[in-house]
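Sending over a structure as structure tokens; questions will come in a sec.
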Number of protein chains: 2
Amino acid sequence: MPAASPRPRPTLRDVAATAGVSKSLVSLALRGDPGVSESTRDRILAVAEQVGYRPSLSARTLKQGRSMLLGVVISSLENPYHTEIVASVEDAAEQVGLSVVLAHGSRDRGRLADRVQQLGDLGVDGLVVVSSWVPDEVLTAAARRLPVVMVGRTADPVAGVDSVTNDDEQGAALVVDHLVGRGYERIAHVTSSTRPAGLARRRGYEDAMRRAGLGGHVRVAAPDAVDGLLDDGYRAVFARNDVEACDVLDRALDRGLRVPDDVAVVGYDDTLLARRVRPALTTVQQQREVMGARAVALLTGRLGGRSDDVHEVLEPRLVVRASG
Amino acid sequence: MPAASPRPRPTLRDVAATAGVSKSLVSLALRGDPGVSESTRDRILAVAEQVGYRPSLSARTLKQGRSMLLGVVISSLENPYHTEIVASVEDAAEQVGLSVVLAHGSRDRGRLADRVQQLGDLGVDGLVVVSSWVPDEVLTAAARRLPVVMVGRTADPVAGVDSVTNDDEQGAALVVDHLVGRGYERIAHVTSSTRPAGLARRRGYEDAMRRAGLGGHVRVAAPDAVDGLLDDGYRAVFARNDVEACDVLDRALDRGLRVPDDVAVVGYDDTLLARRVRPALTTVQQQREVMGARAVALLTGRLGGRSDDVHEVLEPRLVVRASG
DNA sequence: CTGAAAGCGCTTACAG
DNA sequence: CTGAAAGCGCTTACAG
């Protein structure tokens, strides 16, 4: 069946002509300005509907200097932690009438930097960055033209960029203390990350072990080198995130070990994965809902004129499930 | 540290004034028009760089009538199949110089319809819809103002909308034939879906069972009602997608069954999940890379003037792993 | 209650 | 090789 090919969209001018009024009147009627009589408004709305009028956001953005759009950049769509943060940002954005446009960078620094630029060029009113892979200078440059808030850890504060993050050191300490409380002493840490959050969790692990008098048992390995830990009698493993905890889980189960009877495994992030996997994962929950809400609040604060940088740190919570 | 608060971005006019030339010359220089002398261009580029000039996409879109943006709408960020399709669309889009903006609808029909509208209002040059939840009338309406291609199955062809999908019936038949070849007769189907793709897979399963002379064993259950199947001696389960196959896997393992020795489990989609899970999932692979490329090709075809609807159907392939 | 006019930042013929 | 001018679709004072 032959389809109607897209024709030039009707504009305000078309609606005005059809309704026999001026463009400005249509514009006022469309957004419900009280200065337009009800009967006129109804007639104009009917015509707009009938001709299939839709406002051009680029025209509106150009004129108004704001788009009511909020850009969100994430490293990759594959990481459930990131996509779950996005959802919480969107919910918060919707509350204040902002729509979210999402872009991701497939874990590639250059592509991520491009996405940040693109969203800025597109005219979003603010940017939420959920990725530690965007170079600092790109963030700083972006912050010169629009409010930017970083969700998650950076190595150092980035000038002009607000942030909201969880206390990774404390999260790691929660895990260690929990395992120590259950009588474990040989507690190993598994990580493949050199990103700021990963490093902070590692630091938190090491510090907590020392505080517990277990400094001698501190041991860090890569996820694929976990066999050595098990051979050395480590019976509790804290992984830097849920994904790597699942890798450890698989490896342990492949070796015929029972979890948590033979080895306890703990993750970080409390992603859907943590609930899906068997046994379900003990993990650390960041306050995702709160993070999204705070990120949007920081953005609107900037839009409202604030010019000093704000860095919020939220407290993580331990979620105990079957794995350890 | 006090941050530079965002100031009005420099415009073409600012660059022109600083460089001491006209706006039009700057515009031409910036996009490398051969009519601008090299020395002039270099000087202008240097000034643009120095003042931090970035073009306004809304102004450009308004003027040119195209944005070089491609909108992608997905149901939800949680479904790995959908996000993996997005990646393939993006790769293909990048080839032809289009940038992707992504929106999702949290599985909510109303929200999805909003997103489709919003992307249209934003001025994207085409729309790829990776969700069967968008109402037909919304798709039709969208197709009146811009090219729309549906990736995945709809119940019936939607007027004005191109599509690319895999042959779900054939995919289901591949699974049944594979299991029959391994000697299974009591092969059940697990599905929770009333969406077109789910229904097609179910139909494919039933037809293939009949063709194999196993019509008497046809049995369909919900994922959470799989216990009945196992009790009734079904030792092979074909789930409508990888996610539900994992649910079945968990249930079987929880009952102490070994997979695939006691029960074979097969999924559909070949998502990352299929590789991650233990035992790794036998599943059906849609040609994701090809789907993204075809979707973009259909879009550019429309932009090039084609007006008849095109529906492409790709052949799925069986991927045999450990689970069945 | 309604209309004419200016202008957002760009691009693109059109003159020189 | 370069500049003045029009116009994309909107919104917003400003007059009436």
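Residue numbers begin at 1 in each chain, while the letters A, B, ... track the order of the sequences. Side chains included, hydrogens not; waters and symmetry mates left out as well; all remaining heavy atoms used. In this text, all values refer to a predicted model and were calculated from it rather than measured experimentally.
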Tell me, with the steps shown, if B:Met150 and B:Val158 meet side chain to side chain contact (heavy atoms under 4.5 Å, CB included).
CA-CA 9 Å; B:Met150 174 78 201; B:Val158 179; over 6 Å; no
Could you check whether B:Ser131 and B:Ser75, counting side-chain N and O atoms only, form a donor-acceptor pair closer than 3.5 Å?
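Side-chain D/A pair, B:Ser75 to B:Ser131: present.
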Can you tell me how far P of C:dT11 sits from CG of B:Leu25, to the nearest Å?
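Between P of C:dT11 and CG of B:Leu25: 13 Å.
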Check this for me: does any side-chain nitrogen of one of B:Asp121 and B:Arg145 sit under 4.0 Å from a carboxylate oxygen of the other?
yes
Can you list the stems that include DNA chain D, where a stem is three or more consecutive Watson-Crick or G-U pairs with distances under 3.5 Å?
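C:1-3 with D:14-16, C:5-12 with D:5-12, C:14-16 with D:1-3 - these are the stems of 3 or more pairs that involve DNA chain D.
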Given B:Val15, which of B:Val47, B:Val21, B:Leu25, B:Leu45 fulfils the side-chain contact (heavy atoms from CB on, under 4.5 Å) condition?
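Answer to the side-chain contact (heavy atoms from CB on, under 4.5 Å) test with B:Val15 among B:Val47, B:Val21, B:Leu25, B:Leu45: B:Val47.
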Is a donor on one side and an acceptor on the other found under 3.5 Å between the side chain of B:Asp125 and the backbone of B:Ser67?
yes
First of A:Leu28 and B:Val21 reached from the 5' end of DNA chain D, by closest nucleotide
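Taking each residue's closest nucleotide, the earlier one in sequence belongs to B:Val21.
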Mind calculating the distance between CZ (B:Arg66) and P (C:dT11) to the nearest angstrom?
10 Å
Could you work out which one of D:dT11, C:dC1, D:dG3 sits closest to the side chain of B:Ser22?
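The answer is D:dG3.
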Side chain of B:Lys23, heavy atoms from C-beta onward: which of D:dC1, D:dT12, D:dA6 has the nearest atom to it?
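Of the options given, the side chain of B:Lys23 lies nearest D:dA6.
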Between atom CZ in A:Arg13 and atom C1' in D:dC8, what is the gap in whole Å?
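So the two atoms are 10 Å apart, to the nearest Å.
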Short side-chain donor-acceptor distance under 3.5 Å, B:Ser27 and B:Arg31:
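Yes, B:Ser27 and B:Arg31 have a side-chain donor paired with an acceptor closer than 3.5 Å.
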Tell me: CZ of B:Arg9 to P of C:dC8, nearest whole Å?
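It is 14 Å, rounded to the nearest whole Å.
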Given C:dT11, D:dT2, D:dT11, which nucleotide is nearest the side-chain atoms of A:Leu12?
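The nucleotide sitting nearest to the side chain is D:dT11.
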Taking NZ, NE, NH1 and NH2 as the nitrogens, is one of them in A:Arg306 or A:Asp162 under 4.0 Å from a carboxylate oxygen of the other?
yes
Identify the residue among B:Val101, B:Val296, B:Leu119 that makes a side-chain contact (heavy atoms from CB on, under 4.5 Å) with B:Leu70.
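Output: one option passes, namely B:Val296.
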B:Asp33 has an atom CG; how far is it from atom C1' of D:dT2, in whole Å?
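Going from B:Asp33 (CG) to D:dT2 (C1'), I get 11 Å.
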Could you identify which residues of residues 55-64 of chain B place a heavy atom less than 4.0 Å from some atom of DNA chain D, listed by residue number, or say none?
B:Leu62, B:Lys63
Does C:dT2 have its OP1 or OP2 closer than 4.0 Å to a side-chain nitrogen or oxygen of A:Thr40?
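Affirmative; the distance criterion is met.
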Provide, to the nearest angstrom, the distance between the CE atom belonging to A:Met68 and the P atom belonging to D:dC10.
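Spelled out: CE on A:Met68 to P on D:dC10 is 18 Å.
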Non-hydrogen side-chain atoms of B:Leu102 and A:Leu77 separated by less than 4.5 Å
yes
Of D:dC10, C:dT11, D:dT11, the nucleotide closest to the side chain of A:Arg31 is D:dT11
